[in-house]
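One structure below.
Each chain gets a letter, A, B and so on, in the order the sequences are listed, and its residues count up from 1.
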Protein chains: 2
Amino acid sequence: MTSPSPAAGAPPATSPPAAGQPAADRPAGERPAAERPLRRDAERNRQRILTVARELFAERGLEVTLDDIADHADLGVGTVYRRFANREQLVGALFEERIDQIVTYAEQAARQADPWLGLVGFLTVTSEAFAGDRGLHEIMVGSNYGRDRAAQARERIGPLVVDLLARARATGQLRADVEPNDIAMIQVMIGAVVEYSQGIRPDLWRRYITVILDGLRAFRDDATPLPEPALDESGIDEAMRRWRTPTAGRAR
Amino acid sequence: MTSPSPAAGAPPATSPPAAGQPAADRPAGERPAAERPLRRDAERNRQRILTVARELFAERGLEVTLDDIADHADLGVGTVYRRFANREQLVGALFEERIDQIVTYAEQAARQADPWLGLVGFLTVTSEAFAGDRGLHEIMVGSNYGRDRAAQARERIGPLVVDLLARARATGQLRADVEPNDIAMIQVMIGAVVEYSQGIRPDLWRRYITVILDGLRAFRDDATPLPEPALDESGIDEAMRRWRTPTAGRAR
DNA sequence: TGACAAGCGGAGGTTCATCCTCCGCCTGGT
DNA sequence: ACCAGGCGGAGGATGAACCTCCGCTTGTCA
């Protein structure tokens, strides 16, 4: 860090929205090709790292070590660190797209004519995504990595869910006392099922989301009134902030 | 370790704990008073340790270190280790009773005339216990500590739950496709809510258990059939075995 | 009251996981 | 055929948790 070499490959990770940087909205995994491209073998290795990292993050969560990734990619640790100074960068490179994907799901759900189906679809599709990618779930639920990105996404999703719930309530399909942040908590619960049954019954969560959805439906007129309000925005922010990724180390 | 000094302190025959230990089924927290009782101050300290440990386990889970406990009790680490050689012993001393308490809840629930109320009561009461004691929840859900004890408890609870569900199904209060192990998974989900909202809204879980219970009720005739069977015994055993207490260290 | 077994404290050795650097050797590309 | 760019991976740095050890203190009992 003593050598100021401004030419060095990796752009400053700190503020992505940097001013003059041509780096902006290029699909994840690509490089600022404007600068000198990597040597062929190096680029190959870089892809190898990304692939392996994607797999490991998906399977074990964001806490896998870069050393671990290097091993699985049959590369030296040095090679990994040369390309990605830390886990944050790797996470950034890999998850932008996936996070946006979640937003897209919300948009699609909001477009559904039948709001109940939209809601069911949204929960199902996101749960599928989370079940298949533990790292993604960790990010969306409050990991230290990718916090900003996740927050942005939540901000875009929020209004869509609000609208969806309002419409579903209006059509009489959804019980009246459901609040937007309930959706987030449901995802937390489903995440717990996924984690608990990981490697045993990857689809078990479908059973419980069905129960929960039936619990959310308006039926008879004797639905038990919900005690306790849902978390409000500040509550959920706080919870996300405190959340510690399972078995992960300190925040660093 | 290099100096062999056989003369030092310990006489050759370190009388082993002998065969007929009278230690057996005395209430947790008491000592084998048959042996020489502890000196007054020592016993006081011992209680101090137990009290502090109970609090810390409840609040932070079983992974707190003995050093941590010593600090909170204003005692030296040595004192703690002199009394409890490891966390397992401390956990044993503290949780036997509480685990049995859970069994008692199941028994009470099974005695309820109205099986649905019994079920609701059981889930509520156990969730209360878990919400108030993270360590207890960890044990019941699969921590490395107290595994045997928890397994015994589950064995006693199992049949009671089976009966309860059968009866509730018979009275038409419970949807037909609920299985005993669903109850365990519900506790896992509730545990996730508790943990997520810990220190923010200690009772938030009540909201979601209400949703889930409404989802379990027999209603109309259009309950969504549950996809996926529940975990079977071996599945749940496996899941419990794999479960890693959050942020905890290796199993040792 | 004095002697001493029992108890205490907590510094610090040990182990372990993770992070990340550094430098001698290798190789793709011109 | 040259060499900038790339590579490997041993190993130093850090920090958490564990647990021991021994000189000092204190309850207890005669």
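For the pair B:Arg44 CZ and D:dG27 C1', the interatomic distance rounds to 10 Å; values are reported in whole Å. Taking atom CD1 on B:Ile49 and atom P on C:dG7, their separation rounds to 12 Å, with Å as the unit. B:Asp68 has its CG atom 15 Å from the C1' atom of D:dG15, to the nearest Å. The distance between atom CZ of B:Arg40 and atom P of C:dC8, rounded to the nearest whole Å, is 14 Å. In this structure, the CD1 atom of A:Ile69 is 13 Å from the C1' atom of C:dC19, given to the nearest Å. Protein atom CZ of A:Phe84 is 15 Å distant from nucleotide atom P of C:dC20, rounded to whole Å. Look at OH on B:Tyr81: it is 7 Å from C1' on D:dA17, rounded to the nearest Å.
Checking the phosphate oxygens (OP1, OP2) of C:dC19, a side-chain nitrogen or oxygen of A:Arg87 falls inside 4.0 Å.
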Q: List the protein contact pattern of nucleotides 4-12 of chain D with one symbol per nucleotide (5' to 3'): B for base contact, S for sugar-phosphate-only contact, - for none; contact means a heavy-atom distance under 4.0 Å.
A: -BSBBBB--
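The structure places CZ of B:Arg54 at 12.5 Å from CG of B:Leu136, a figure rounded to the nearest 0.5 Å.
Scanning for ring pair (Phe, Tyr, Trp, His ring centres under 6.0 Å) contacts around B:Phe130 gives B:His137, with sequence neighbours left out.
Between A:Asp182 and B:Arg207 a salt bridge is recorded (basic side-chain N to carboxylate O distance below 4.0 Å). A salt bridge links A:Arg149 with A:Asp100: the closest approach of a Lys/Arg side-chain nitrogen to an acidic carboxylate oxygen falls below 4.0 angstrom. Taking the charged nitrogens against the carboxylate oxygens, B:Arg201 and A:Glu228 do have a contact shorter than 4.0 Å, which makes a salt bridge.
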For residues 64-71 of chain A, which side-chain donor-acceptor pairs fall under 3.5 Å, sequence neighbours excluded?
from    : atom 1 : to      : atom 2 : distance (Å)
A:Thr65 : OG1    : A:Asp67 : N      : 3.4
A:Thr65 : OG1    : A:Asp68 : N      : 2.9
A:Asp68 : OD2    : A:Arg60 : NH1    : 3.0

